[in-house]
Amino acid sequence: MFGLSDLIALVISAFIILPVVVFIREAGYLIVSALLGAKNPRLTIGSGPRAFKIGMFDVRKYYHLYSWFAYDDLKRQSKFAYIVLYAGPILANVIVAIVINALVANGVLDQYETFWNRFVFYGFYFVLFDAVPMKTANGMPNNGMIIYEMLRYGKRTDFNDEPFLPSTSEVEEQYEEEMEKVEELKENQKEIVEDDEDFSAEQQEKERREKADIEESKEQDIEELKEAEKLTKKQQRERKNQMPD
């Protein structure tokens, strides 16, 4: 049965373990690209609006959802360079997972064994879907597919002259355009809401005035009716007094 302890484990996995495992994966790109002489490398952590930026590290608001490494160009563009580049994230997760697993097995990390076992699980989880050749949801090859095609055909087979990983400048421009559209949409929605609120407030004020006028008119009618009743009674008394005994 799914209990409180499972919920806590889920939260820890989603907001701590998975982001760290993803960061290690992206760091694999970063380390190998540095060895290959990548131009303008950048590691984006998370998605959504930017939280802050320090050097090549761009941290987004939703840090636990999706990350990617980007660069503009490689100084070394050989087949071996591309294979090593796309093997980098796989090796990073494999090495870290194996080291942690060995430490757990030898009782070094036995105090938080469940946490570290879960860490190793997600590390190999990413390795599995990174290393086994397949097409991703957007139809692009994963790292395993890229390496497989490089080894089998001796060339890139995606029929694209651009790097598999999007360049930093293109990603940034695309992101800025998307954020501008989002902000513009928010402003339009805000104006619509404000107009609706102004109209609603104006309509409510108009209805309030009309209601006040109606109430005032009713009070005037009641006063006039009372005055008319008083006048009628007075006239009746005067006629009665004028009648002969």
Side-chain angles (χ1 to χ4, degrees), residues 5-6 8-38 40-48 51-71 74 76 80-137 140-148 150-151 163-166 168 171:
S5 60
D6 298 306
I8 296 174
L10 177 62
V11 173
I12 293 174
S13 298
F15 294 97
I16 298 179
I17 296 178
L18 278 176
V20 173
V21 171
V22 172
F23 176 79
I24 293 172
R25 176 183 182 273
E26 304 302 329
Y29 281 124
L30 186 63
I31 294 171
V32 175
S33 65
L35 299 175
L36 298 175
N40 198 16
R42 179 173 183 173
L43 182 58
T44 302
I45 303 172
S47 61
F52 60 88
K53 180 181 178 183
I54 302 177
M56 68 176 65
F57 297 98
D58 185 9
V59 181
R60 303 297 170 88
K61 181 178 180 180
Y62 310 110
Y63 71 93
H64 57 290
L65 296 175
Y66 189 61
S67 295
W68 72 89
F69 173 75
Y71 67 98
L74 289 177
R76 302 178 180 87
F80 177 76
Y82 276 110
I83 291 174
V84 173
L85 176 62
Y86 296 104
I90 300 174
L91 293 175
N93 273 334
V94 167
I95 293 171
V96 172
I98 290 176
V99 170
I100 293 177
N101 191 60
L103 293 174
V104 173
N106 288 277
V108 179
L109 300 175
D110 58 347
Q111 187 175 1
Y112 301 101
E113 183 175 350
T114 302
F115 174 86
W116 293 115
N117 285 335
R118 194 173 292 117
F119 193 100
V120 172
F121 170 83
Y122 283 111
F124 283 117
Y125 171 86
F126 271 90
V127 169
L128 175 64
F129 287 97
D130 232 1
V132 177
M134 66 179 70
K135 297 285 185 178
T136 60
M140 295 296 292
N142 69 343
N143 290 339
M145 180 65 77
I146 295 172
I147 295 172
Y148 168 76
M150 276 286 190
L151 293 173
F164 285 106
L165 298 177
T168 300
V171 170

Donor-acceptor contact below 3.5 Å, side chain N142 vs main chain V132: yes
Would you compute the distance between atom CD1 of I45 and atom CD of E26 and round it to the nearest 0.5 angstrom? 9.0 Å
Here the gap from N101 atom CG to N106 atom CG, rounded to the nearest 0.5 Å, amounts to 9.5 Å
Does a side-chain heavy-atom distance below 4.5 Å link F69 with R42? no
Within the distance-only criterion (no hydrogens, no angle test), does the side chain of S33 pair as donor or acceptor with the backbone N or O of A38 below 3.5 angstrom? no
What heavy-atom pair brings A131 and I90 nearest, and what distance separates the two atoms? CA-CD1, 3.8 Å
Would a 4.5 Å heavy-atom cut-off, applied to side chains only, mark I12 and F115 as touching? yes
Please name the pair of heavy atoms, one in G46 and one in S67, separated by the smallest distance, quoted to 0.1 Å. N-OG, 2.9 Å
Say you draw a straight line from CG of L43 to CG of D58; how long is it, rounded to the nearest 0.5 Å? 9.0 Å
Closest non-hydrogen atom pair, M56 against P41: CB-O, 3.4 Å
Sorted by first residue and then second, give each salt bridge (charged side-chain N to carboxylate O under 4.0 Å, His left out) pair with at least one member in residues 10-22; sequence neighbours left out. none
Report the C-alpha distance between V104 and V120 in whole Å, list the side-chain angles of each, state the deciding distance to 0.1 Å, and finish with yes or no for side chain to side chain contact (heavy atoms under 4.5 Å, CB included). CA-CA 10 Å; V104 173; V120 172; 5.6 Å; no
Atom pair OH/CE of Y86 and M150 - distance to nearest 0.5 Å: 7.5 Å
Candidate pair Y82 and I146, rule side chain to side chain contact (heavy atoms under 4.5 Å, CB included), full reasoning: CA-CA 9 Å; Y82 276 110; I146 295 172; 5.8 Å; no
I'd like to know whether D130 forms a side chain to side chain contact (heavy atoms under 4.5 Å, CB included) with N93, so could you lay out the CA-CA distance, the side-chain angles of the two residues, the decisive distance to 0.1 Å, and finally the verdict. CA-CA 10 Å; D130 232 1; N93 273 334; 5.5 Å; no
So which heavy atom on V21 is nearest to which on G123, and how close? CG1-CA, 3.9 Å
In short, I24 meets A92 closest at the heavy-atom pair O-CB, 3.5 Å
Taking only residues two or more places apart in sequence or in another chain, which ones pass side-chain hydrogen bond (donor to acceptor under 3.5 Å, both in side chains) with Y122? none
Please check if any side-chain donor atom of N143 sits under 3.5 Å from a side-chain acceptor atom of Y29, or the reverse. yes
Within the 4.5 Å heavy-atom criterion, are Y112 and F119 side-chain neighbours or not? no
Kindly determine whether F57 and L30 satisfy side chain to side chain contact (heavy atoms under 4.5 Å, CB included), including the steps that lead there. CA-CA 11 Å; F57 297 98; L30 186 63; 4.1 Å; yes
In this structure, CG of L109 is separated from CG of L103 (nearest 0.5 Å) by 5.0 Å
Kindly compute the distance separating CG (L18) from OH (Y63), expressed to the nearest 0.5 Å. 10.5 Å
